[in-house]
Structure formats: structure tokens, C-alpha cells
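In this text, all values refer to a predicted model and were calculated from it rather than measured experimentally.
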Amino acid sequence: MASTTLGTLGAKTKLHHGRHLCRDVPFQNLLGSAEATNKAWRERSNQSASTFITSPRAVASEISTTQRQDASTLTYNEKMLANYVPIFVMLPLVVVTIDNVLEDKDTLMKQLKKLKEAGVDGVMVDVWWGIIESKGPKQYDWSAYRSMFQAVQECGLKLQAIMSFHQCGGNVGDIVTIPIPHWVLDIGELNPDIFYTNLKGNRNQEYLTLGVDNLPLFNGRTAVEIYRDYLKSFRENMSDFLESGLIIDIEVGLGPAGELRYPSYPETQGWAFPGIGEFQCYDKYLKAEFKEAATNAGHPEWDLPDNAGEYNDTPESTEFFKSKGTYLTEKGKFFLTWYSKKLLTHGDQILDEANKIFLGCKLKLAAKVSGIHWWYKLIVMLRSLLQDTII
């Protein structure tokens, strides 16, 4: 799926490739039934094939004005039947301010109308946990986002909503800072192990560690329950927009920058391209989980790696990743398997909750995985082992 990003409304757009790994929510067919879908497809297929698909030999100048007009008269659902690639524009990170205010709605409406006139299908927007639940546990305020969603709907655009459970700030393209809720940060002041931690003990407050996914450390709730309750509140408070078909995709945040990965290369801690990064599993909760897993496997003497180097090292400068290094040993393979499975389990748990909550909705769930390319050709597949662990 193609999309564009607006740094500020009216700014020059930058096209980038889609980045979604989609899981379909069981839902009613967009046209009511499979039979209706097939019928609509047959009816459209009886028309000129060029209405939908131009010849592979054609260039832009060869596509007639009539064909463009025909395409523009199709509904969004009809376009999708024809393998149409929709275009979505990313709204500014703080279209709703950190104080949970939609500022200058009139200007927003003008810009949305221009996007509609340009043939854009819809917009994508971050729905920040740090804004919505900022006042306290389960104290959700959706009013500003409801106003913004209404503006999008009035302009005839579709909407992709990103459930952003991470901090905004510290990643590429972050021009503002939106922390996770302050009441969570307050818990972290007393118990910093709720955050990802590297070997040296440096904490990363961008996202909660996987180690607290199922621990009731947040006023009696686990991290997964926090995410679940947030998604449930979204569905309840945005039910009219869901039923009207305004919201077609919900991307569920699963980690730093919303991606299913560890924060292994934070610029805020000194990482610079193309450093190998560091493992992020040294909070007390993940330490205990690894020790339990190793003990159950018959190796209570095994500990987490202490020889994998630092953020800006090269693979060959570390005992863990060098040729014939620790990663090839039984202990190394056990650790990497455990490390990877923890991440996958985290994604499964949250997406399972999302799937239950949005069951019956006419939309798709999406998750984001990182596109890390450096050290890609290295035999140890470092980008996969250390950064996001998914090939």
C-alpha cells in the first residue's frame, strides 16, 4: 500500500512504500456477501477491461481522459475489487496536540478537501496512548480525535488509525515529543525495570519491556491489559465511525516506533549507523524469565550474553557475533530462540486481543515490522538476530 507523509499540512509530500503486515479480522464482506462480490466483479468485468487495468505496455500519456473519469466514478470498494492501490497521506504527528486539542480545524478541513480533489483516498493518523490516557488509568479522552475523524468523514476520505503505544521522539522523522502516559512514567520512577534495558543498565522509556506483558504492575493491570482496554475504549467511543466505514484499517502498535522489534539501536543512547546495536533484555523481569527457561532446559548455569559488544561495534569485534562466535553454540542458539519467541509471543498476545475487540468490524488489522537493511548480507543475519529477530 502506498502512502505519503505530510510534515505539516500543505507541506510537500514524500511517497514511500507500504509497510503493513496485515491480518484480516473476521468480518462481513464489504458488499454484503461473497455472492454480491462475485456479481459486482462480473458486471464490471463485462465492461472494458481498460477501465480497471491498462496494458503493461501503456505509459501515462496513453491513458485516456475517459478512463480516468471512469475510475473516478467508482466507489472505494469497487476500486479495491479491481486490484486498485489506494493512496493514503500521513497526517502530522500532532494534528491533535499533546494537550489533546484539535487546533485550527478550519485549516485542516481545507487541506483535507485539497487531498480529496487530488484523488487521495484517505489519511493515516497516530492515535497516541500518551495523549488519550494521559490523565490517569482508564481515563480516556477521545473528544479531539472524534472531532478530527468527523472532519475526515465530511471530506469524503477514508481513515487508517494507528494505535500508538510508544513514545514519539527519538526516531527518524520525529519532530515532536509525545511521551507515554505520565502516570506510567511515574511507576517507572519507582520501578525502572518496566522499561527495556541494555547490558550496562541504560533504560529506554520509549516502550514497556516485554517482561511486564503479563505482570499486574500498573494499578492492578498488566501491560497487555492496558493495551486491550485502550483498544476496547477506542471501539466503544468510535463505534459510529467504524459502522459508517470511515475507518478501514487499524494498525496496532507493538513496540518502538510502533514496530514489532526491540529498541536495539536508539540514537538517544549514542547509536549511529551502521552500528550493530545491543540486546535489550536486561531488566529484572526478562532476566528472571531467561533464567527460568534455561533451568527448565537443563542449564541453570546459563546467563544472558555479556559478550555481544556495544551499539557501534562491528560483528567481528564481538565474541558473540564473530566468525565461529557464541551465536553458533548451543547456549547462543538457545538464547536467540528465546529472544525471538518472546517478541513473537508479545505480538500474538496483543493482536489476539485486538482481533477479539474488533471482531465483526468491516476493517483490517495491521502490524508494522521494521525494514532494517544494514549487515543484511552478513552470515549471522545480524539485523535479524539483534534488531527485530524476524527474517
Side-chain angles (χ1 to χ4, degrees), residues 5-10 88-116 122-169 174-186 218-219 221 225-253 258 350 353-354 357-358 360-363 365-366:
T5 301
L6 284 177
T8 56
L9 285 177
F88 280 74
V89 171
M90 186 76 188
L91 292 181
L93 293 173
V94 285
V95 62
V96 172
T97 70
I98 192 171
D99 297 318
N100 207 358
V101 175
L102 178 63
E103 294 183 338
D104 201 357
K105 184 177 179 180
D106 291 340
T107 298
L108 174 64
M109 289 286 290
K110 291 178 182 178
Q111 296 294 338
L112 292 174
K113 289 177 181 177
K114 289 182 179 179
L115 292 177
K116 179 66 176 179
V123 294
M124 174 183 276
V125 64
D126 286 284
V127 184
W128 295 104
W129 176 37
I131 292 177
I132 296 299
E133 200 178 355
S134 63
K135 296 180 180 179
K138 295 189 177 182
Q139 296 182 40
Y140 308 105
D141 183 358
W142 300 100
S143 56
Y145 276 93
R146 280 196 55 82
S147 182
M148 188 263 290
F149 284 14
Q150 184 65 44
V152 174
Q153 188 171 56
E154 290 176 5
C155 292
L157 296 167
K158 296 295 184 180
L159 184 70
Q160 296 175 326
I162 309 171
M163 304 293 104
S164 296
F165 297 115
H166 62 284
Q167 169 188 290
C168 177
D174 289 349
I175 58 174
V176 297
T177 298
I178 303 173
I180 62 177
H182 287 291
W183 59 271
V184 177
L185 294 175
D186 290 342
F218 307 94
N219 300 99
R221 290 189 295 167
E225 288 171 343
I226 288 176
Y227 307 140
R228 177 204 64 194
D229 292 344
Y230 183 89
L231 295 172
K232 183 178 179 181
S233 180
F234 178 88
R235 174 166 184 176
E236 292 171 348
N237 286 272
M238 303 297 185
S239 59
D240 51 336
F241 296 123
L242 290 166
E243 291 168 3
S244 69
L246 170 69
I247 304 171
I248 62 166
D249 287 339
I250 291 181
E251 180 181 302
V252 183
I350 299 174
E353 293 293 342
I357 291 166
F358 294 105
C361 295
K362 298 177 182 179
L363 54 80
L365 292 182

How close do [X] and [Y] get, counting heavy atoms only, and between which atoms?
X: Gly156; Y: Lys116; value: O-NZ, 3.0 Å
X: Leu108; Y: Ala151; value: CD2-CB, 4.4 Å
X: Val252; Y: Ala354; value: CG2-CB, 4.0 Å
X: Cys155; Y: Lys113; value: SG-CG, 3.7 Å
X: Phe165; Y: Trp129; value: O-CE3, 3.4 Å
X: Thr177; Y: Ile98; value: O-CD1, 3.6 Å

Practice problem: Using the test side-chain hydrogen bond (donor to acceptor under 3.5 Å, both in side chains), find all partners of Ser147 that sit at least two apart in sequence or belong to another chain. | Solution: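 With sequence neighbours excluded, Ser147 shows a side-chain hydrogen bond (donor to acceptor under 3.5 Å, both in side chains) to Lys105, given in chain and number order.
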Quiz prompt | Partners meeting side-chain hydrogen bond (donor to acceptor under 3.5 Å, both in side chains) with Glu154 (sequence neighbours left out) | solution =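 Residues passing side-chain hydrogen bond (donor to acceptor under 3.5 Å, both in side chains) with Glu154: Gln150.
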Quiz prompt | Partners meeting side-chain contact (heavy atoms from CB on, under 4.5 Å) with Asn219 (sequence neighbours left out) | solution =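 Once residues adjacent in sequence are excluded, the partners of Asn219 under the side-chain contact (heavy atoms from CB on, under 4.5 Å) criterion are Pro137, Trp183, Ile187.
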Quiz item: Would you say Arg235's side chain and Leu242's backbone share a donor-acceptor pair under 3.5 angstrom?
Solution: no
Practice problem: Kindly say whether Asp249 contributes a backbone atom to a donor-acceptor pair with the side chain of Lys158 at under 3.5 angstrom? | Solution: no
Quiz prompt | Sequence neighbours excluded, every pair satisfying salt bridge (charged side-chain N to carboxylate O under 4.0 Å, His left out) that has a member inside residues 124-133 | solution =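 Salt bridge (charged side-chain N to carboxylate O under 4.0 Å, His left out) check on residues 124-133 returns Glu133-Arg221.
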Practice problem: Please identify each residue that fulfils ring pair (Phe, Tyr, Trp, His ring centres under 6.0 Å) with Phe218, with sequence neighbours left out. | Solution: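 None.
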Quiz item: Residues in ring pair (Phe, Tyr, Trp, His ring centres under 6.0 Å) with Phe149, at least two apart?
Solution: Phe241
Quiz item: Any side-chain heavy-atom pair from Met238 and Tyr145 closer than 4.5 angstrom?
Solution: yes
Quiz item: Any luck finding a side-chain donor-acceptor pair between Trp128 and Ser134 under 3.5 Å?
Solution: no
Quiz item: Looking just at side-chain N and O atoms, do Asp141 and Ser143 make a donor-acceptor pair shorter than 3.5 Å?
Solution: yes
Quiz item: Relative to each other, are the rings of Phe358 and Phe234 parallel, tilted or perpendicular (30° and 60° limits)?
Solution: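 Because their plane-to-plane angle is over 60°, the rings of Phe358 and Phe234 count as perpendicular.
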